[in-house]
Amino acid sequence: MAKKIVIATKNLDKLRELEIAFDGLPVEILSLADIDDFPDAIEDGETFEENAEIKARFFSEKTGLACLADDSGLEVDALDGRPGVHSARFAGYHAHDVTNNQKLLEEMAKVNATESPARYHCALCFVDVDGSKIVTTGTINGTIRTVAQGEGGFGYDPYFYIDENKTMAELSTEEKDEISHRGKALREFVPKLKEWLTCSLE
Ligand code: IMP
């Protein structure tokens with residue numbers, strides 16, 4: 001029988017990505033859109049790992065099901081690692097990609113930087129009903145430049161250069177998954193989930 005796993009997201013792109021990664025495994029994936037309307041978990045951790053675990057525990061306890069959560073963001077060296085865990089709301093509570101990118105450019109200007117080493121980081125945390133957890137992470141290093149390029153991706157991608165000439169926003173979805181922080185964390189997670197499924201279905 002398929003094991004039910006709640007994915008702590010309402011983001012359809014993330015959900016689709018996970019459904020593809022879990023294809024063929026005996027799991028039934030539910031999203032937050034499929035279950036009762038719970039309040040948001042309070043993500044007050046200081047690291048991506050802490051926030052992913054806060055979310056996974058919160059929704060596992062609320063639903064009584066195993067839960068997978070992720071947390072990700074951008075760290076820019078010239079900004080002492082900001083926006084970090086505040087990436088989604090860098091420009092404030094109602095922030096979105098455009099305002100976050102404006103804020104990024106403003107903060108870069110304040111420190112007189114037109115480019116800086118940077119990285120995207122992703123943490124995945126899976127919490128089982130017995131409280132045990134699996135955590136995996138992924139990172140991609142690059143450079144933030146204050147000149148946008150490309151129309152794809154989302155978030156800070158038009159400013160995140162993976163090499164001299166190309167930004168994350170110029171990659172196809174498949175190319176991005178190959179090298180992205182989220183893709184790496186997911187590829188490390190899938191074999192661990194398979195192990196968990198073997199043990200829990202015995
Ligand atoms: P969350 O993990 O959904 O909380 O997203 C954190 C925030 O980090 C997003 O809203 C984006 O601003 C940023 N972020 C995370 N991953 C990416 C990415 O792959 N490209 C661009 N921005 C990202």
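Both counts, for ligands and for their atoms, begin at 1 and track the order of listing.
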**Request:** Apply the test salt bridge (Lys or Arg N to Asp or Glu O under 4.0 Å) to residues Glu53 and Arg57: give CA-CA distance (whole Å), side-chain angles for both, the deciding distance (0.1 Å), then the verdict.
**Result:** CA-CA 6 Å; Glu53 185 167 349; Arg57 289 207 182 280; 3.0 Å; yes

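- Close approach of ligand 1 to Lys176 is summarised as follows: ligand atoms under 4.0 Å from at least one heavy atom of the residue are 18 (C), 19 (O), 20 (N).
- Counting all heavy atoms, side chain and backbone alike, Ile29 lies closest to Leu15 at CG2-CD1, 4.4 Å.
- Close contacts of ligand 1 with Asp71, meaning ligand atoms under 4.0 Å from a residue heavy atom, involve 2 (O), 4 (O).
- Among all protein heavy atoms, the one lying closest to atom 1 (P) of ligand 1 is Lys14 NZ, 3.6 Å.
- Nearest protein heavy-atom contact of atom 8 (O) of ligand 1 is Ser87 CB, 3.3 Å.
- For His86, the NE2 atom is loosely surrounded, since the number of other residues' heavy atoms within 6.0 Å does not exceed 12.
- Here the heavy atom of the protein found nearest to atom 20 (N) of ligand 1 is Asp157 OD1, 2.7 Å.
- Contact detail for Asp157 and Gly152: the closest heavy-atom pair is CB-O, 4.4 Å.
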**Message:** Before you tell me yes or no, could you show the steps for Asp77 and Arg119 under salt bridge (Lys or Arg N to Asp or Glu O under 4.0 Å), namely the whole-Å CA-CA distance, both residues' side-chain angles and the distance that decides it to 0.1 Å?
**Reply:** CA-CA 9 Å; Asp77 288 357; Arg119 68 210 54 80; 3.0 Å; yes

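- Of all protein heavy atoms, the one lying nearest to atom 17 (C) of ligand 1 is Phe154 CZ, 3.4 Å.
- A side-chain donor from one of His121 and Thr139 sits under 3.5 Å from a side-chain acceptor of the other.
- Judged as a side chain to side chain contact (heavy atoms under 4.5 Å, CB included), and not counting sequence neighbours, the contacts of Ser180 are Met168, Lys176, Arg182.
- Protein heavy atom in closest approach to atom 15 (C) of ligand 1: Ser72 OG, 3.2 Å.
- Geometrically, ligand 1 and Asp70 share no nitrogen or oxygen pair separated by less than 3.5 Å.
- Protein heavy atom in closest approach to atom 16 (N) of ligand 1: Arg182 NH2, 2.9 Å.
- Using a 4.0 Å cutoff on heavy atoms, His181 counts as a contact of ligand 1.
- For the atom pair CG (Asp70) and OG1 (Thr136), the distance works out to 10.0 Å, reported to the nearest 0.5 Å.
- Nearest to atom 22 (N) of ligand 1 among the protein's heavy atoms is Tyr156 N, 3.4 Å.
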